[in-house]
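Given the structure is predicted, the values throughout are model-derived calculations rather than measurements. Lettering follows sequence order; numbering is per chain, from 1. Values reported hereafter were calculated over all heavy atoms of this structure, with side chains retained and with hydrogens, waters and symmetry mates removed.
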Amino acid sequence: MTALPPYAQLLGLTIDQDVTSDRPPRLVMPPADHLAGRPGFLHGGALSGLLEMAAILAARHTFGDEPVAIKPIGMTVDFLRGARFAPTYARGHLVRNGARIAAVTVEAWQDDETKPVATARMNLSLTR
Amino acid sequence: MADRADLVAGTAFDPARFARLLSGLGHNALLGLGYAAHGPDWMELQLPYADRLVGDPDTGVIASGPIVSLMDMATSMAVWTRVANFVPLATLDLRVDYLRPAVPGRTVTGHGECYRLTRRIAFVRGQAHDGDPADPIAHVAGTFMFTDAA
């Protein structure tokens with residue numbers, strides 16, 4: 001597994017399970033004052049950062065040892081519920097693994113995986 | 001850390017002062033966001049380059065997450081600037097197109113605009129650039145909900 005970049009470390013992200021399974025790894029972002037947005041809630045930008053990292057991680061997981069350069073093209077985030085100060089999890093899923101483009105969906109949740117706090121779609125440009 | 005009470009105290013809404021206060025709080029402070037300029041329905045904030053924001057260590061290019069944070073803040077500030085009041089908002093959705101990577105070392109400027117207001121929803125758009133507004137690095141479109149609207 002490749003090391004997480006500095007920005008992921010700034011957010012406090014770690015891979016907390018499923019590293020060896022077929023499922024893409026799950027990221028966790030612990031709550032912190034420096035991730036705060038409006039009072040009592042996590043910043044939408046921090047959530048977006050978590051979703052982005054989970055999307056790229058899902059792609060890396062799928063590619064395995066194949067050297068693929070990944071560039072984000074665009075991202076659409078839906079904020080479904082206010083994210084409170086609690087551990088926030090995210091996992092991405094490749095819905096299309098093309099020659100040049102990967103389309104990824106990502107979900108972020110807190111205590112209940114069936115009640116996401118945010119979801120995103122992301123298109124990644126691939127150079128194989 | 002500014003006192004949150006400062007944000008709602010006083011009579012006249014001052015977007016520049018408000019932007020400076022919000023920039024010192026929470027995640028905005030972590031990223032180092034700063035006030036640049038504003039108009040009747042727009043706000044410009046700046047994101048200085050920092051090694052800890054890097055998403056790709058091979059190139060030194062900053063991650064897209066900080067750009068999203070910058071644009072989320074610039075566009076929500078544009079809403080508050082247009083309504084001339086600090087009303088509770090929640091981001092509903094935000095779409096970001098990454099037009100090109102930001103050049104490592106350069107400060108990123110985010111320009112957010114509120115182009116339409118309804119009773120419940122504010123519609124926003126914006127662009128980010130790293131020195132030349134005519135050569136943007138990202139384009140965004142989004143919506144916010146007024147959480148105290150009926």
Side-chain angles (χ1 to χ4, degrees), chain A residues 2-13 27 29 31-57 60 67 69-83 85 90 106 117-125, chain B residues 1 4-5 7-8 22 25-33 47 50-76 80 86-101 110 138-145 147:
Chain A
T2 48
L4 294 173
Y7 173 65
Q9 294 168 32
L10 183 69
L11 294 179
L13 307 187
L27 281 174
M29 180 170 75
D33 286 343
H34 62 247
L35 301 178
R38 61 196 169 101
F41 295 92
L42 298 177
H43 198 291
L47 277 177
S48 302
L50 167 68
L51 289 163
E52 177 207 351
M53 288 296 149
I56 292 173
L57 202 59
R60 290 250 171 260
I70 298 173
K71 272 189 191 172
I73 301 168
M75 177 177 201
T76 304
V77 186
D78 288 302
F79 299 94
L80 306 173
R81 294 176 174 84
F85 275 78
V106 210
V117 293
T119 60
R121 287 188 306 105
M122 194 163 194
N123 283 323
L124 303 172
S125 171
Chain B
M1 194 82 172
R4 285 188 195 277
L7 302 178
V8 287
L22 278 194
L25 294 174
H27 196 53
N28 300 326
L30 181 74
L31 298 178
L33 293 190
L47 172 72
D51 290 337
R52 60 197 188 143
L53 302 181
V54 165
D56 182 353
D58 293 339
T59 59
V61 172
I62 63 171
S64 40
I67 309 283
V68 180
S69 294
L70 167 72
M71 297 314 295
D72 182 79
M73 203 58 222
T75 51
S76 55
W80 290 317
F86 180 50
V87 291
L89 282 182
T91 317
L92 278 185
D93 70 68
L94 195 63
R95 176 195 167 106
V96 186
D97 291 314
Y98 302 110
L99 307 178
R100 64 173 177 82
H139 181 270
V140 307
T143 53
F144 290 93
M145 177 178 64
T147 52

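Proximity to chain A involves both the backbone and the side chain of B:D97, based on heavy atoms less than 4.5 angstrom apart. Residue A:I73 touches chain B through its backbone alone, counting heavy-atom pairs closer than 4.5 Å.
Interface remark: of the candidates A:A118, A:G45, A:P6, A:P6 forms the most heavy-atom pairs closer than 4.5 Å to chain B. Between chain A and the options B:I62, B:V140, B:L92, heavy-atom pairs under 4.5 Å are most frequent for B:L92. Note: B:L53 leads B:I67, B:V68, B:L70, B:L53 in heavy-atom pairs under 4.5 Å with chain A. With respect to chain A, the highest number of heavy-atom pairs below 4.5 Å among B:A90, B:A29, B:P66 belongs to B:P66. Contact count versus chain A (heavy atoms, under 4.5 Å) is highest, among B:D51, B:V61, B:V54, B:L89, for B:V54. Of all the listed residues (A:A32, A:G44, A:S48, A:A46), the one sharing the greatest number of non-hydrogen pairs under 4.5 Å with chain B is A:A46.
With a 4.5 Å cut-off on side-chain heavy atoms, A:R38 and B:P88 do not count as touching. B:H27 places a side-chain heavy atom less than 4.5 Å from the side chain of A:L11.
Shown here for B:A63 and A:Y7, the closest heavy-atom pair between the two residues is CB-CD2, 3.4 Å. Residues A:P5 and B:G55 approach most closely at CB-O, 3.2 Å, considering heavy atoms. Among all heavy-atom pairs drawn from A:E52 and B:G65, the shortest one is OE1-N, 2.9 Å. The minimum heavy-atom distance linking A:F79 with B:L94 is given by the pair CE1-CB, 4.4 Å.
The distance from atom CG of B:D56 to atom NZ of A:K71, rounded to the nearest 0.5 Å, is 9.5 Å. Rounding to the nearest 0.5 Å gives a distance of 10.5 Å between CG of A:L124 and OH of B:Y98. Note that the OG1 atom of B:T91 and the CG atom of A:D78 stand 11.0 Å from one another [nearest 0.5 Å].
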